[in-house]
Trainee: 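I am attaching a structure below and will ask some questions about it afterwards.
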Amino acid sequence: MKKQKIAVLTGAGVSAESGISTFRDANGLWDNYNVEDVATLEGWNRNPALVLDFYNQRRRQLATVKPNAAHLAIASLEDNYDVTVITQNIDNLHERAGSTRIIHLHGELTKVRPENRYNERNGFSEDMVFDIGYGDINLGDTSVDGIQLRPHIVWFGEAVPKIEQAIDVVEAADILLIVGTSLQVYPAAGLYAYAKASTPIYIIDPKDVPVRDGRITHIKSVATVGMEKFIEIISKKDE
Ligand code: OAD
């Protein structure tokens, strides 16, 4: 029998139990840093050293944390379902948990590319992007043709090149699972609206969800516990 398709949209909450701070919870990253300084092209043009330092810290931390039971449970869905993970996270915990099909909507911490100073709204091609693992990037670190490297991250105001691919995945899904996102940042927050009318939507989040839609079942738990409940629900439906 053909496997059912599950699209999984994740946000910072799925990595919270691994010890990575979310953005908008109390004492989250955006309480401690100014978004305009570290997550916009204008911030980069004003003070690239500050931006590099912010992502260097995130990258160093990533080297010290591990996927949690929620990442592992999402990966294990592949045993029985055709799964694509669409993540807003720039960490690599879904990869390290074993998920094989992952769309990184907001870029990846372990990748860099040459900047295109003052002249980009994400104008780059994928072949300019390369892996640097967990090492730092500093001012003066350049590509072979001498251009300063920048984090391969989608900043506010920049285009989200993978959104079309993500929309296709959500449109094709038989089940949509959303884990640990405040659904405040577009276009990712609008993705659920592309699910078919017949597609059930499960949202795992310990807080109330900001969207109303008859298709939504809210599993009001942290990601690790919520994933156990989700798997129980869908396994019963398959019996
Ligand atoms: P947020 O910090 O906005 O939201 C995190 C969500 O996770 C909230 O709804 C929390 O209630 C929930 N949460 C907290 N702990 C949890 C846990 N243990 N298990 C499950 N859920 C938990 O993070 P995102 O929605 O991912 O973009 O933020 C979206 C984007 O805004 C990020 O990708 C980033 C940020 O600015 C860029 O930097 C471009």
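Read the numbers this way: they start at 1 and go in the same order the structure lists the ligands and their atoms. Quick caveat, the model's predicted, so the values are computed rather than measured.
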Trainee: Quick one about Thr224 and Glu17 (side-chain donor to acceptor, distance below 3.5 Å, no hydrogens or angles considered), yes or no?
Mentor: yes
Trainee: Any side-chain donor paired with an acceptor under 3.5 Å for Ser76 and Asp79?
Mentor: no
Trainee: When you compare the side chains of Gln57 and Tyr33, does any donor N or O come within less than 3.5 Å of an acceptor on the partner?
Mentor: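 Yes, because at least one side-chain N or O of Gln57 sits under 3.5 Å from a partner of the opposite role on Tyr33.
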Trainee: Any donor-acceptor pair under 3.5 Å linking the side-chain atoms of Ser15 with those of Asp91?
Mentor: yes
Trainee: For residues 177-188, which side-chain N or O atoms pair as donor and acceptor with protein atoms under 3.5 Å away, sequence neighbours left out?
Mentor:
| unit_1 | atom_1 | unit_2 | atom_2 | d |
| --- | --- | --- | --- | --- |
| Thr181 | OG1 | Gln88 | NE2 | 3.0 |
| Thr181 | OG1 | Leu183 | N | 3.2 |
| Gln184 | NE2 | Ser182 | O | 3.1 |

Trainee: Which label fits Phe230 and Tyr202: parallel for a plane angle under 30°, tilted from 30 to 60°, or perpendicular past 60°?
Mentor: perpendicular
Trainee: What residues come within 4.0 Å of ligand 1, counting heavy atoms only?
Mentor: Gly11, Ala12, Gly13, Ala16, Glu17, Thr22, Phe23, Arg24, Asp25, Trp30, Gln88, His106, Val154, Phe156, Gly180, Thr181, Ser182, Val185, Asp205, Pro206, Lys207, Val222, Ala223
